[in-house]
Amino acid sequence: MAKAAKTAITPTRTENYPEWYQQVVRAADLAENSPVRGCMVIKPWGCALWENMQHVLDGMFKATGHKNAYFPLFIPKRFLEKEAEHVEGFAKECAVVTHHRLEAGPDGGLVPAGELEEPLIVRPTSEMIIGDAFSRWIESYRDLPLLINQWANVVRWEMRTRLFLRTSEFLWQEGHTAHATEEEAREHTIRMLNVYADFARDTMAMPVLTGEKTAAERFPGAVKTYCIEGMMQDRKALQAGTSHFLGQNFSKAQDIVYIDENGDRLHAWTTSWGVSTRLIGGLIMTHADDDGLVLPPRLAPVHVVIMPITFKSDEPDKIINYCHKLADDLRVQAFHGRHIEVEIDDRDMRGGEKSWSWVKKGVPVRVEVGPRDMAADSVFVARRDLSPKEKQGIPRSEFIANLTSMLEEIQQGLHDRALSFREENTHTIDSETDFRDFFTSPAGEPTPIHGGFALTHFCGDSELEKKIKDELGVTVRCIPLEGGEPGTCPFTGQPSEQRLVWAKSY
RNA sequence: CGGGCUGUAGCGCAGCUUGGUUAGCGCGCUUGACUGGGGGUCAAGAGGUCGACGGUUCGAAUCCGUCCAGCCCGACCA
């Protein structure tokens, strides 16, 4: 039997990518499906990951002048009715609260009672409830800009859900800002888009493209929607964050007005932007491998796990103490705004099983310490970005001295690997035939090949865009911000201002 | 909201066609032994109102009806 090929996750990515994803989530103990359809239970390891993301992002928002606030979960129905496009975009996926009491029913069960005079909508996003507050908070040009962020949960009644990627309820942050001028609001929209791109690249080690959405993919009610798009390992695109320039659409619908220096009453210009727990899905699909999750050190809840090997020692306590001393020496070190997080795993279970459990959780560095190591004052080290076989004995003092640079190297390596994967699978395509071939996989493929990113000119016709989506399942992911050379649309022969990024997406 | 399928132990399933002692199996869990630096072997043990209600029957997990829940495939989506 070819035992060497055994992987911790079955099936592998090439065998069945969607199933592989589910198994990684389960094996890493990130989350599970809940009894409530479409909702997930985020388990401690997944929650710790989200907390680390929150911590870094929150710092970036504060550094760009934002303050946190919290607004209600419920939105009165009439609020939502104010902005026509916005309503149309979200109406079909809203959860609605119509009663406020339960009473014993005829069959012994509980039945809703006390019908509300006005139904409440569980927020799918908070433009309307925050806009209402803004209309009261803003009176003068001196109140602007108003820069607010909230960490919250939202509900979108999705038909088909997948842990982290699309759930009926998800956690996110939503920034909402109001500005005196159009120019300032537009600049702010781009500023926050870049905050997201920086976070994805520097903290998540996930390279992303930045660009604008076409009208078809725009946020309901927005003038312009910008996004960051990452390439997953099945070459599909994941929209990982969005930033919207809302113009005066919402300020006019909600009466967000200020009095300027000349005493004129003017509508403010607003923006909104958000990232969600979907980032965790992106993290998995960017870095995880056939042995499970792989965490970039800057987000890892645990940087180093130490496993004492005590079974064949006469003095297990000495080994445990040696491990604690090692942990103490590591914990005092700083790594990107945190102390090194060390866990000593002295659970009473078999060594192989224990070791694999940390591989599957994606911990960057695993350390085994047994009697032989202790005698030599060394540690046995494995890195998650290398093969599980490549363990290495290192003198203890050297390991302590070099840990942060090792973590840095892992972080950078993950990013570089993801970036070259994206580059290898991004092609400029100039004919309709090539475009169709690129996005068509052979029949019967267990894991369809999704082509990758196609950089292709386009005349901008929305009907044609929809036709391509219907026929090939391919959409414009973004219009790159950096622009490009004008050319010819391969579908119509019409002129095109620049190449767009096309891909299949989540 | 249209089409298909499934509800039996914590999880995954068999049994149902052709009703019949005490409802089985795998994983997991607990205990013990041998083990042990790649997730091992063996043994013992705990754990189930068979989705709910009603009907047929001497007898229902099994047949019939109603209901409930979930999953998959379509249209929609951070």
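Being a predicted model, the structure only gives us computed values, none of them experimental.
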If we call it a pair only when both distances are under 3.5 Å in a Watson-Crick or G-U wobble match, what pairs with [N]?
N	value
B:rG74	B:rC1
B:rU18	none
B:rC42	B:rG32
B:rC67	B:rG51
B:rC11	B:rG26
B:rG59	none

Distance check, [atom1] atoms only: [N] and [M], in whole angstrom units.
N	M	atom1	result
B:rC63	B:rC16	C1'	10 Å
B:rG65	B:rG47	C1'	33 Å
B:rC29	B:rG19	P	40 Å
B:rU18	B:rU22	C1'	23 Å
B:rU8	B:rC13	P	9 Å
B:rG59	B:rC68	C1'	27 Å
B:rC76	B:rU30	C1'	48 Å
B:rA69	B:rC53	P	16 Å

When all nucleic acid strands are considered with a 4.0 Å heavy-atom cut-off, which category describes [X]: base, sugar-phosphate, or nothing?
X	result
A:S243	nothing
A:F219	nothing
A:A240	nothing
A:L165	base
A:K360	base
A:S276	base

Please report, rounded to the nearest Å, how far the [atom2] atom of [N] is from the [atom1] atom of [X].
X	N	atom1	atom2	answer
A:Q23	B:rG39	CD	C1'	16 Å
A:Q392	B:rG38	CD	P	16 Å
A:D345	B:rG39	CG	C1'	13 Å
A:K213	B:rA78	NZ	C1'	10 Å
A:D29	B:rG39	CG	C1'	16 Å
A:H244	B:rA78	NE2	C1'	8 Å
A:Q22	B:rC11	CD	P	17 Å
A:L163	B:rA78	CG	P	19 Å

Tell me if the aromatic rings of [X] and [Y] count as close, with their centers under 6.0 Å from one another.
X	Y	answer
A:F439	A:W502	no
A:W273	A:H66	yes
A:F245	A:H188	no

Identify each atom pair where a protein N or O and an N or O of nucleotides 28-37 of chain B are less than 3.5 Å apart, giving names and distance.
unit_1	atom_1	unit_2	atom_2	d
B:rU35	O2	A:R350	NH1	3.2
B:rG37	N7	A:K312	NZ	3.2
B:rG37	N1	A:D373	OD2	2.5
B:rG37	N2	A:E368	O	3.4
B:rG37	N2	A:D373	OD2	2.9

Identify which one of A:F453, A:Y17, A:F421 satisfies the side chain to side chain contact (heavy atoms under 4.5 Å, CB included) criterion when paired with A:R235. A:F421
Closest-nucleotide 5' rank along RNA chain B - winner of A:I9 and A:R278: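 Mapping each residue to its closest nucleotide by heavy atoms, the 5'-most match is A:I9.
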Of A:K224, A:R477, A:K466, which meets salt bridge (charged side-chain N to carboxylate O under 4.0 Å, His left out) against A:E217?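 Of A:K224, A:R477, A:K466, salt bridge (charged side-chain N to carboxylate O under 4.0 Å, His left out) with A:E217 is met by A:R477 alone.
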Over-ring placement of A:K82 relative to A:F79, 6.0 Å and 45° cut-offs: yes
Do A:K92's NZ or CZ and the ring of A:W157 fall within the cation-pi criteria of under 6.0 Å and 45°? no
Less than 4.0 Å between a side-chain N and a carboxylate O, is that true for A:K467 and A:E471?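 Judged by the 4.0 Å cut-off on N to carboxylate O distance, A:E471 and A:K467 do form a salt bridge.
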Classify the ring geometry of A:F170 against A:W172: parallel below 30°, tilted from 30° to 60°, perpendicular beyond 60°.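 Ring orientation of A:F170 relative to A:W172: perpendicular.
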